[in-house]
Amino acid sequence: MMNTRPKSKSFVEVETQLKAFVHVSADVDTSAPLSEIRPSAPISDATLAVKDLFDVQGMPTSCGSPIYVNTIATKTAEVVRRAQDAGVKVMGKTVTTEFATFKPGPTANPQNMAYTPGGSSSGSAASVGAGMVSHGIGTQTAGSVIRPAAYCGIVGFLPTMGAISRDGLKVVSPSLDRVGVFGRSVEAVRTLSAAVADLRQGADTKNGPKRIGFFSDDTWEDADSFTQDTLLQFKAKVQQSGDIVVDLGNGQKLFDLIDAQCDVMGYEVIHALAHELTNHSDLISDQLNAYCKDAAEITAEKYAAAIEVGQAGRAWIETLFANLDAIASPSAKTLPPRGLASTGDPYVNRAWSLLYTPCITLPASPLNDNLKGAVQLVAGFGQDQKLLDLAEQYQTCVAKIGGAAK
């Protein structure tokens, strides 16, 4: 993958415009020119951006909130420790939305500074997209790994629920929070995942054509034309490659799961933030206070019903994967929204988050204002290695998908 960042720029020159970091490691020479990111570089050469929800000993963990702005971590999160044990250099802590919810930070999109980088893992995705680091880690409760990766034109990989430890992470939704990784290629996310994740080998990928499931085109009628066209072009490329396109019919079931994900997330967020809401409500944004006020209307009975919907959904999706290698879907509802007032719509990622399946987003070519489209591939529970294999197979053809502005 080509690095679009001018090689002569330094870390601090890029950061001054991008605003991806809230803390930079003391041993980082911010005035030195940034090195070219090599996709095949060994893990010992990797540099890492850490979302500011994870503890790194000696660094602040502010969780995107003034409540914790001066809180220095005394331990290091397991995912970060495992990366460090593999030789990865931690460059610093990156911007997150407030407690990984919806209030945006100051980070811009590295492809076009006039647009949002997505959230809540804004800084990690943007710093990878800008070539400031080779890798990033983030979290996803609704769409906070896949969407910012898609918006920033990079690869985002969200392993099966539980594959990466949450020890040392500020968890806001125990039933949904997952740790994911960012890189500029499938090879890059595979390399970091090998160090920090416990990925199941899963079933062996069968020889012969792969079976890729597509829901009917009208499933995505609310997405913008760029998103719909990118998925249609990918379907055509799958057919041209000799692999098999499997018609899954209308995907309304995914959207039915979104309501359940919203209930699970809302109920758990207000419980996870009970201390902050009780003792520091004046330091919580109006946006988050309003969200929590609405979420307080979710009863224990409604929450329990939503948990059951998720369990039934996971049984349903596994029946589909019995005859599929992967399902293709949009990575985001639209190209990145203009401005920094919103990080975008989590869209169908809410359903995939509730289903616990491994997901990966692959960047396409620039479509409009230098913003890339993307395709998301999803595999069955525990089929992470198969998903990475398929993503590596398809990433070149996805990268060639593009079109004129509309």
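In this chain, residues are counted from 1 in sequence order. The figures here come from the full heavy-atom set of this structure, side chains too, leaving out hydrogens, waters and symmetry mates.
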Carboxylate-amine/guanidinium proximity below 4.0 Å for [X] and [Y]:
X	Y	result
Asp198	Arg82	yes
Asp325	Lys386	yes
Asp243	Lys210	no
Asp167	Arg81	no
Asp177	Lys170	no

Does any N or O in the side chain of [X] come within less than 3.5 Å of the main-chain N or O of [Y], such that one atom is a donor and the other an acceptor?
X	Y	value
Ser185	Ala188	yes
Asp369	Leu371	no
Thr94	Val50	yes
Asp263	Ile298	no
Arg200	Gln383	no
Arg147	Thr343	yes
Ser10	Glu13	yes
Lys75	Asp55	no
Asn289	Ile284	yes
Ser134	Thr47	yes

Rounded at 0.5 Å granularity, tell me how far [atom1] in [X] sits from [atom2] in [Y].
X	Y	atom1	atom2	result
Arg190	Ile43	CZ	CD1	13.0 Å
Asp389	Gln393	CG	CD	9.0 Å
Ile212	Leu377	CD1	CG	6.5 Å
Lys253	Phe215	NZ	CZ	11.0 Å
Lys93	Met59	NZ	CE	7.5 Å
Leu34	Asp29	CG	CG	10.5 Å

Practice item. Check the surroundings of atom CG in Asn279: do more than 12 heavy atoms from other residues, nucleotides or ligands lie under 6.0 Å from it? Key: yes

Check your understanding: Are more than 12 heavy atoms from other residues, nucleotides or ligands located less than 6.0 Å from atom CG of Asp247?
Key -> yes

Review point. Taking the six-membered ring for Trp, is the centroid-to-centroid distance between Tyr291 and Phe99 below 6.0 Å?
Key: no

Check your understanding: Under 6.0 Å between ring centres, would you say that holds for Phe381 and Phe321?
Key -> no

Decide whether [X] and [Y] meet the rule of one side-chain donor and one side-chain acceptor closer than 3.5 Å.
X	Y	answer
Asp52	Ser62	yes
Thr361	Ser331	yes
Ser175	Glu268	yes
Ser121	Lys51	yes
Thr139	Arg166	no
Thr227	Thr230	no

Quick check: closest heavy atoms across [X] and [Y], and the distance to 0.1 Å?
X	Y	result
Val196	Val79	CG1-O, 3.4 Å
Ser122	Pro117	CB-CG, 4.0 Å
Val95	Gly105	CG1-CA, 4.0 Å
Ser173	Thr141	CB-CG2, 3.7 Å
Val155	Pro363	CG2-CD, 3.8 Å
Val172	Ala272	O-CB, 3.5 Å

Side-chain contact, heavy-atom cut-off 4.5 Å: [X] with [Y]?
X	Y	value
Ile317	Thr357	yes
Val246	Arg211	yes
Leu355	Leu254	yes

Exercise for review: Determine, step by step, whether Leu192 and Phe157 satisfy the side chain to side chain contact (heavy atoms under 4.5 Å, CB included) criterion, reporting the C-alpha distance in whole Å, the side-chain angles of both residues, the deciding distance to 0.1 Å, and the verdict.
Suggested key: CA-CA 10 Å; Leu192 182 59; Phe157 174 47; over 6 Å; no

Point to revise | Pair Trp316-Leu257, side chain to side chain contact (heavy atoms under 4.5 Å, CB included): steps then yes or no | key: CA-CA 11 Å; Trp316 162 73; Leu257 291 165; 4.2 Å; yes

Review point. Can you name the residues that form a ring pair (Phe, Tyr, Trp, His ring centres under 6.0 Å) with Tyr356, not counting sequence neighbours?
Key: none

Check your understanding: Would you call the rings of His275 and His280 parallel, tilted or perpendicular, where under 30° means parallel and over 60° means perpendicular?
Key -> perpendicular

Practice item. List the steps and the verdict of side chain to side chain contact (heavy atoms under 4.5 Å, CB included) for Leu18 and Met113. Key: CA-CA 7 Å; Leu18 195 67; Met113 297 284 182; 3.9 Å; yes

Review point. After noting the C-alpha distance and the side-chain angles of Val88 and His135, does the key distance pass the side chain to side chain contact (heavy atoms under 4.5 Å, CB included) rule?
Key: CA-CA 9 Å; Val88 177; His135 296 79; over 6 Å; no

